[in-house]
Amino acid sequence: MTLYARFAASLDGILDSLVAAGSLPAGIERRNVTVEPPRDATHGDLATNAAMVLAKPAGTNPRALAGLIAPKLGELAEVESVEIAGPGFINVRLTPEVWRQELKVILDEGARYGASHMGAGKRVNVEYVSANPTGPMHMGHCRGAVVGDALAALLEYAGYQVTREYYVNDAGSQVQTLARSAHMRYREALGETVTIPEGLYPGDYLIPVGQALAAEFGDRYVGAPESEWLALFREKTVAAMMDMIRADLALLGIHHDLFSSEAEVQRAGKVNAALDRLRAEGLVYEGVLEKPKGEAADDWEPVEMTLFRATAFGDDSDRPVKKADGSYTYFGNDLAYHAEKASRSDMLIDIWGADHSGTVKRIQAAVKALTGSAVPLDVKLVQMVRLLRGGEPVKMSKRSGSFVTLADVVREVGKDVVRFTMLTRKADAQMDFDFAKVVEASKDNPVFYVQYAHARTRSLHRRLAEQGLAPVAEPDLTLLDAEELALVKLSAQFPRIIESAAANHEPHRVAFYLFDLAAAFHSVWNRGNDDPSRRFLVVNDMETTSARLSLADSIGQIIRNGLAVMGVAAAEEMK
RNA sequence: GCGCCCGUAGCUCAGUUGGAUAGAGCACGAGCCUUCUAAGCUUGGGGUCGCAGGUUCGAAUCCUGCCGGGCGCGCCA
């Protein structure tokens with residue numbers, strides 16, 4: 001239980017006692033009562049809005065009600081002082097001992113400090129990456145991959161049971177194109193000189209696939225009609241692409257629990273089953289769509305096809321699930337896939353590129369229809385990343401097949417830098433990724449600044465050891481001054497940050513918090529520049545040094561815990 | 001035409017799911033340091049939270065309508 005939850009419980013008890021004493025009517029809704037650290041530290045350590053929220057239903061005014069609550073809060077052993085402020089806030093200042101104890105809690109709980117039971121073991125499915133299996137991962141996929149992976153770890157840390165899932169789009173026309181491209185490379189491997197036609201995938205990465213196909217099948221399919229090899233080549237090539245993608249993801253430390261195949265969903269009859277269910281409820285029907293309102297619809301012809309009644313769930317138009325020729329649309333398959341995912345989850349999260357924003361409503365409509373709104377679906381849209389080098393845009397040419405691959409970037413700046421940087425912006429805000437800036441060793445660079453703070457906490461141990469010194473077994477934490485204890489107060493907010501980041505599906509909050517914590521730590525550390533007696537390591541005073549070492553260790557622990565959620569390794573030293 | 005996202009300091013962005021005097025970095029001004037506690041430190045100025053209404057004890061946050069920017073719209077995936 002966090003410090004804040006503990007006080008919320010104490011407050012609840014006080015309110016109960018006021019009810020019992022007849023000073024507060026029974027049965028008042030307390031849901032909006034909060035216990036939080038005030039934004040302004042001069043207001044104390046905790047603040048509650050209880051008096052303001054409850055005054056009206058209690059038929060009194062906030063300051064009068066606060067006058068009843070405040071003295072009872074003041075009786076708590078951990079409370080140093082209480083004051084009523086502004087419109088009726090009750091500000092509480094805690095004794096220094098509370099923070100000294102919290103420091104010990106951080107060190108005792110270690111990697112579990114900040115972990116939460118908020119999720120109560122509920123099953124969350126996070127689907128992310130799901131890049132088409134037609135080539136290696138490039139930077140366009142990177143941000144969604146990192147955000148999804150960090151969100152999965154965050155939810156796990158917050159007590160959810162998480163499945164990390166990748167939806168393999170192996171049923172559409174793109175993988176047919178892929179198979180034809182691989183066939184060209186197959187012929188090439190058998191000695192033919194080939195030119196990859198416009199519209200096929202020209203990338204070199206298919207050369208080894210062609211060679212493998214040649215080695216396995218010889219020249220059997222060189223002149224054969226497509227019907228004989230297309231499905232086979234597709235399957236083989238997709239498998240090769242997925243191996244490549246898995247290897248790319250591993251460079252980022254990303255490992256999915258489950259890879260679900262679109263083709264398999266179809267083959268297993270799950271699409272028909274889902275559509276039949278909806279048809280029975282009148283939510284799937286044969287019909288004709290209106291001409292789209294946008295421009296470039298000159299070639300529009302009204303044709304009858306199978307539609308899902310998405311408008312019944314807030315979408316702007318009903319959506320095709322089957323084309324006029326009877327084959328499924330992408331959405332039809334995706335609908336069935338989400339039905340399947342929903343059947344084994346309590347909550348669904350999809351991480352999509354922002355260019356798919358137009359299709360969010362239909363899939364949410366589908367999940368509502370399929371689950372009776374029992375399984376919520378959050379579609380997180382991730383904005384594009386602009387690649388820069390020293391402020392200049394990095395040129396990319398898709399036509400020649402040369403794009404900036406994820407593997408190249410990880411090789412250049414490292415996994416940890418990529419991951420951290422991708423989390424330094426809200427997912428739905430666009431972002432610049434400058435190769436020069438992300439590796440810069442300066443305060444402007446949050447990746448560096450946070451790692452540097454951690455390295456400093458570790459350097460203390462190295463330097464102690466070098467000088468043959470050892471900290472005392474039971475440090476006297478009363479030697480910590482107010483500014484040092486303020487670091488503990490900031491550390492104590494970590495569990496709250498985790499819970500709010502998890503509840504809002506916003507892993508970037510962890511990155512911003514760590515930057516704040518690092519800045520506060522550096523600031524305390526820098527006091528030693530002017531006054532050697534305020535350094536963390538004071539050679540002739542092992543008592544004080546030991547207390548400060550505990551503080552530094554607790555900060556290091558929080559940074560490690562936060563970085564672990566982000567999937568970033570903490571640096572032992574800055575070489 | 002419609003939908004989604006966005007609009008916060010000169011710039012890049014946070015803002016604890018409605019809290020108190022709206023924050024950080026950069027840039028700018030002023031001091032300090034010339035060091036291995038090292039890749040700077042301290043401090044100051046800087047705001048009509050796009051505009052206008054509404055909801056209430058209280059709004060950057062929620063609602064409505066405008067203005068401005070980005071993305072999207074199909075039997076594509």
Side-chain angles (χ1 to χ4, degrees), chain A residues 4 32 34 36-40 42-43 47-49 51-53 55-56 61-63 85-89 91 130 132 134 169 171-175 262 289 291-297 299-301 303-307 314-317 319-334 353-361 379 381 383-384 424-426 428-432 440-446 448-449 452 455-456 459-460 463 493 496-497 499-501 503-504 506 508-509 511-513 515-516 519 522-523 525-530 532 534-537 574:
Chain A
Y4 298 97
N32 293 325
T34 57
E36 292 178 328
R39 188 183 310 212
D40 186 340
T42 63
H43 291 142
T48 177
N49 60 358
M52 292 184 293
V53 172
K56 198 176 199 179
N61 72 74
R63 292 194 66 105
F89 284 103
N91 292 334
S130 298
N132 284 333
T134 54
N169 301 140
S173 63
Q174 290 187 8
V175 287
E262 180 183 5
L289 281 178
K291 179 172 173 165
K293 296 279 192 240
E295 284 128 56
D299 55 347
W300 176 264
E301 283 174 27
V303 177
E304 185 177 90
M305 54 200 146
T306 308
L307 302 174
D315 202 356
D316 319 297
S317 168
R319 304 294 177 179
V321 290
K322 258 188 191 181
K323 306 175 196 173
D325 67 6
S327 63
Y328 300 114
T329 62
Y330 179 84
F331 173 61
N333 290 335
D334 207 24
D355 51 337
H356 289 76
S357 64
T359 61
V360 172
K361 279 188 174 181
V379 180
L381 296 178
Q383 281 287 349
M384 291 297 156
T424 54
R425 258 328 83 104
K426 254 187 317 200
D428 53 15
Q430 65 174 30
M431 174 167 82
D432 290 347
E440 194 175 275
S442 77
K443 192 176 180 180
D444 323 359
N445 181 0
F448 168 80
Y449 211 54
Y452 185 23
R456 276 181 158 171
S459 76
L460 291 170
R463 292 214 312 278
Q493 293 198 33
R496 291 172 46 81
I497 297 293
E499 291 196 345
S500 72
N504 291 286
E506 290 188 343
H508 77 276
R509 294 189 191 201
F512 278 92
Y513 168 78
F515 181 75
D516 287 344
H522 285 307
S523 177
W525 180 284
N526 287 332
R527 299 189 308 176
N529 288 336
D530 297 329
R534 302 180 91 175
R535 295 181 176 181
F536 276 76
L537 200 168
M574 313 302 287

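Letters go in sequence order (proteins before strands), and every chain restarts at 1.
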Toward the 5' end of RNA chain B, which comes first, A/A354 or A/R456, by nearest nucleotide? A/R456
Comparing A/N91 with A/G358, nearest RNA chain B nucleotide closer to 5' gives the residue A/N91
Which is true for [X] with a 4.0 Å heavy-atom rule: it touches a base, it touches only sugar-phosphate, or it touches nothing?
X: A/A47; result: base
X: A/S327; result: nothing
X: A/R527; result: nothing
X: A/Y449; result: sugar-phosphate
X: A/V303; result: base
X: A/S317; result: nothing
X: A/F536; result: base
X: A/P62; result: nothing

Send over the distance from [X] [atom1] to [N] [atom2], rounded to a whole Å.
X: A/D315; N: B/rG72; atom1: CG; atom2: P; result: 18 Å
X: A/D316; N: B/rG72; atom1: CG; atom2: P; result: 17 Å
X: A/Y328; N: B/rA77; atom1: OH; atom2: P; result: 14 Å
X: A/N61; N: B/rU56; atom1: CG; atom2: P; result: 19 Å
X: A/E440; N: B/rC26; atom1: CD; atom2: P; result: 11 Å
X: A/F331; N: B/rC75; atom1: CZ; atom2: C1'; result: 14 Å

Would you find a donor on one side and an acceptor on the other, under 3.5 Å apart, between the side chain of [X] and the backbone of [Y]?
X: A/N504; Y: A/S500; result: yes
X: A/N49; Y: A/N32; result: yes
X: A/T48; Y: A/T34; result: yes
X: A/N91; Y: A/A47; result: no

For a quick check under 3.5 Å, do A/D428 and A/Q383 share a side-chain donor-acceptor pair by atom type? no
Select one nucleotide: of [options], the one nearest the side-chain heavy atoms of [X].
X: A/R463; options: B/rA38, B/rA20, B/rA77; value: B/rA38
X: A/H43; options: B/rC75, B/rA24, B/rA20; value: B/rA20
X: A/N526; options: B/rA77, B/rA39, B/rC41; value: B/rC41
X: A/S357; options: B/rA38, B/rC4, B/rA77; value: B/rC4
X: A/L289; options: B/rC75, B/rA24, B/rA77; value: B/rC75
X: A/T359; options: B/rU56, B/rU42, B/rA77; value: B/rA77

Please identify each residue that fulfils ring pair (Phe, Tyr, Trp, His ring centres under 6.0 Å) with A/F512, with sequence neighbours left out. A/H508
By ring pair (Phe, Tyr, Trp, His ring centres under 6.0 Å), A/Y452 pairs with (sequence neighbours left out) A/F448, A/H522
If you measure from the Lys or Arg side-chain nitrogens to the Asp or Glu carboxylate oxygens, is any gap between A/E499 and A/R496 under 4.0 Å? no
Taking only the side-chain nitrogens and oxygens of A/Y452, find out if one of them lies under 4.0 Å from OP1 or OP2 of B/rA39. yes
Between B/rG3 and A/K361, is there an OP1 or OP2 to side-chain N/O distance shorter than 4.0 Å? no
Would you give a per-nucleotide map of nucleotides 10-19 of chain B, 5' to 3', where B means the base has a protein non-hydrogen atom under 4.0 Å away, S means only the sugar-phosphate does, and - means neither? --SSSSBB-B
Working for side chain to side chain donor-acceptor pair (under 3.5 Å), residues A/N333 and A/E262: CA-CA 7 Å; A/N333 290 335; A/E262 180 183 5; 2.8 Å; yes
Say we look at B/rA24 and B/rG47: how far apart would their P atoms be, to the nearest angstrom? 15 Å
Sticking with atom P, work out how far B/rU12 lies from B/rC73, rounded to a whole angstrom. 28 Å
In B/rA38, glycosidic geometry as syn within 90° of 0 or anti otherwise: syn
The dot-bracket string of RNA chain B, counting Watson-Crick and G-U wobble pairs with both distances under 3.5 Å, using [ ] for crossing pairs and | for pairs to another strand, is (((((.(..((((.....[...)))).(((((.......))))).....(((((..]....)))))).)))))....
Apply side-chain hydrogen bond (donor to acceptor under 3.5 Å, both in side chains) to A/D40 and list each qualifying residue two or more places apart in sequence or on a separate chain. A/T42
Taking only residues two or more places apart in sequence, or in another chain, which ones meet A/D315 in a salt bridge (charged side-chain N to carboxylate O under 4.0 Å, His left out)? A/R319
